[in-house]
Structure formats: C-alpha cells, structure tokens
Amino acid sequence: MTTPIDTYRHKGLRLKMVERLRHDGFTDEAVLRAIEEVPRHFFIDSAFDEAAYDDRAFPIGCDQTISHPSTVAMQTHLLDLQPRMKVLEIGTGSGYQTAILCRLGAKVFTIERQKPLFLQARTLLDHLHLRARCFLGDGYRGLTEVDYAPFDRILVTCGAPEIPPALMAQLKQGGIMVIPIGERQQEMLRITKNGSTEADWQVERFGTYNFVPMLDGRQMH
Ligand code: SAH
C-alpha cells in the first residue's frame with residue numbers, strides 16, 4: 001500500500017474543520033488536537049478528497065459510512081479518556097475513529113464484522129504506526145477471541161437495537177460505555193457502570209443521531 005500524502009492544503013482544511021468545531025461550541029482541546037493530527041482523507045476514497053474535511057459522512061464500501069467528524073468528536077469527548085486506558089471499539093469501519101482513540105494514548109481494541117473493511121483499516125493503521133489491535137468478528141458479543149476484558153471504556157459506532165449484555169459484562173466497574181441506541185434513529189447514551197446490576201448504571205442522554213445499524217455475525221465478503 002502506498003501511503004497517501006498529507007499536503008499543506010489538507011492540513012489547512014483540517015485546521016478549518018477544527019475551528020468550525022470550536023465555533024459550534026466544542027471545547028475538548030485534547031480531542032480537537034487529535035482531530036487536527038489525524039489526516040481524515042487517508043480513511044476515505046480519494047474521489048472525496050476535496051470534501052474530506054467537511055462535516056459529512058462518506059461511503060467506505062460494504063454499504064457502510066465513515067462517521068461525521070462532529071459525531072467522532074462528540075463520542076470521543078463523552079468517553080472521558082485518560083492515556084493508557086483500555087478501550088474497545090465496535091465498528092472499526094474506515095479506522096478513523098480508531099486512529100483518534102490511538103492519538104489520545106488509549107490502548108485500542110477494535111472489532112469489525114465486514115472482512116474487506118477490517119483488512120483495509122488494519123493495513124492503514126499499521127502504515128500510520130497506530131497500534132490498535134484489529135479483530136474480525138461480531139461486536140455484539142464483545143471481544144471473545146482474546147482475554148482482554150474488562151475494558152475501561154467501550155465505544156459503539158453503529159446503531160444498536162439495545163444495550164448488548166456481553167458488552168456491559170466486559171466493561172470495568174466504574175467504566176463508561178458510549179453507545180447509540182435505536183433502530184432507524186438512535187439516541188446517544190453514556191452509561192457509567194457504577195455496579196454490577198442494571199439499577200446501578202448511570203444513564204445520560206445526548207441527543208439524536210443516524211448511524212448505520214449494528215448487524216449480526218461476521219461478514220466475510
Ligand atoms: N468508526 C467507523 C464507523 C463506521 S460505520 C469509522 O470511523 O469509519 C459502523 C461500522 O460498524 C461499519 O463498518 C459496520 O460494518 C460495523 N458493524 C455493524 N455491526 C457490527 C457488529 N455487530 N460487529 C462489528 N462491527 C459492526
């Protein structure tokens with residue numbers, strides 16, 4: 001794979017995107033810095049190069065889309081990450097959100113169910129020397145291949161029909177999960193696991209979003 005080039009023009013467009021996020025009231029400087037550092041155009045088809053720094057979703061193949069930068073900013077902010085935390089991401093997709101988590105110093109484990117996306121994201125993240133552990137599998141069941149649970153943080157980047165019990169089980173006590181819940185539209189939830197039963201979970205709500213759906217099983221083609 002030849003690594004794409006990050007030109008001054010791309011850097012300039014990226015700075016403008018960060019300024020727009022600030023202007024819209026986003027104040028998490030650590031997240032803004034990570035967004036400024038990661039070349040989003042590497043993660044989408046070069047046909048969309050000029051628009052890569054607009055607040056838009058783009059097709060990434062397999063009927064899937066890269067999330068809007070503003071959504072990535074919001075979900076990352078809600079995670080309240082500290083460096084070296086163990087983070088599980090469900091829905092690697094292009095790998096862009098994964099890269100942002102890596103830049104924030106997290107130890108990232110990410111699961112994708114579509115094999116072509118899994119392979120492409122893993123190759124690109126390797127090229128960028130971002131050390132996420134990528135897995136092909138069904139994220140509804142969490143990470144079953146290797147025994148890395150429990151996680152400090154879990155981030156779901158597809159719309160889940162309900163809170164997957166396996167993911168709650170793999171979240172540390174005191175840990176945070178950010179997950180969009182709903183079928184056609186989703187409500188963004190932040191769940192803090194303050195105890196082992198559901199009655200102990202603190203659930204906060206952060207508005208409506210449109211994600212691609214969380215689907216069953218592993219898709220090999
Ligand atoms: N974070 C990604 C968002 C991609 S869209 C990015 O920044 O590009 C959501 C992704 O979730 C899609 O790639 C889709 O294939 C994946 N997905 C859907 N259901 C899944 C499941 N059960 N397990 C793992 N990945 C899933």
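Order of listing sets the numbers, starting from 1, for every ligand and every atom in it. Values reported hereafter were calculated over all heavy atoms of this structure, with side chains retained and with hydrogens, waters and symmetry mates removed.
- Residues E89 and R153 are not paired through a salt bridge, judged by the lack of any N-O separation under 4.0 Å between the basic side chain and the carboxylate.
- Ring geometry for H10 versus H41: interplanar angle under 30°, hence parallel rather than tilted (30 to 60°).
- Every atom of ligand 1 with a heavy atom of Q97 under 4.0 Å away is listed here by number and element: 1 (N), 7 (O).
- Across S94, P116, A160, C62, heavy-atom proximity to atom 6 (C) of ligand 1 is greatest for S94.
- Within ligand 1, counting atoms from 1 as listed, the ones closer than 4.0 Å to a heavy atom of L117 are 13 (O).
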Full working for side-chain contact (heavy atoms from CB on, under 4.5 Å) between F43 and I60: CA-CA 8 Å; F43 294 82; I60 54 173; over 6 Å; no
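- The nearest heavy-atom contact from the protein to atom 19 (N) of ligand 1 is L215 N, 2.9 Å.
- Within the listing of ligand 1, atoms 5 (S), 9 (C) sit less than 4.0 angstrom from a heavy atom of V212.
- In terms of protein heavy-atom proximity, atom 15 (O) of ligand 1 is closest to E112 OE2, 2.6 Å.
- One distance of note links CZ of F151 with CE of M177; it measures 12.0 Å at 0.5 Å rounding.
- A distance of 11.0 Å separates CD of E36 from CZ of R103, quoted to the nearest 0.5 Å.
- Ranked by closest heavy atom to atom 14 (C) of ligand 1, the top entry among Q114, Q64, R141 is Q64.
- Heavy-atom proximity to G137, at under 4.0 Å, picks out these atoms of ligand 1: 23 (N), 24 (C).
- Salt bridge absent: R190 and D80 never bring a charged side-chain N and a carboxylate O closer than 4.0 Å.
- Heavy-atom separations between T92 and ligand 1 include at least one value shorter than 4.0 Å.
- Figure legend: cation-pi geometry between K115 and F118 absent, as NZ or CZ is not positioned both under 6.0 Å from the six-membered ring centre and within 45° of its axis.
- For atom 11 (O) of ligand 1, the nearest protein heavy atom (residue, atom name, distance) is G91 CA, 3.2 Å.
- Within ligand 1, the atoms closer than 4.0 Å to a non-hydrogen atom of E89 are 1 (N), numbered from 1 in the order shown.
- Scanning the protein for heavy atoms near atom 5 (S) of ligand 1, the closest one is T65 O, 3.1 Å.
- Y148 pairs in a side chain to side chain donor-acceptor pair (under 3.5 Å) with only one of the listed residues (K86, R133, K107), which is R133.
- Remark: side-chain polar atoms of S67 are not paired, donor with acceptor, to backbone N or O of V72 under 3.5 angstrom.
- Note: no N/O pair closer than 3.5 Å links I60 and ligand 1 by distance alone.
- There is no path of hydrophobic side-chain contacts, each under 4.5 Å, that joins V87 to I111.
- Under a 4.0 angstrom heavy-atom cut-off, A121 registers as lying outside contact with ligand 1.
- Close approach of ligand 1 to I111 is summarised as follows: ligand atoms under 4.0 Å from at least one heavy atom of the residue are 24 (C), 25 (N).
- Residue contact check: I66 has heavy atoms under 4.0 Å from atoms 7 (O), 8 (O) of ligand 1.
- Distances below 4.0 Å separate heavy atoms of G139 from the following atoms of ligand 1: 21 (C), 22 (N), 23 (N), 24 (C).
- Of the protein's non-hydrogen atoms, R113 CD, 3.3 Å is the one closest to atom 20 (C) of ligand 1.
- For the pair P213 and ligand 1, a heavy-atom separation below 4.0 Å is found.
- Nearest non-hydrogen protein atom to atom 9 (C) of ligand 1 is T157 O, 3.3 Å.
- Proximity of a side-chain donor or acceptor of Y140 to a complementary backbone N or O of P164 within less than 3.5 Å is not detected.
- For E19 and R22, the salt-bridge test passes: some basic side-chain N is under 4.0 Å from an acidic carboxylate O.
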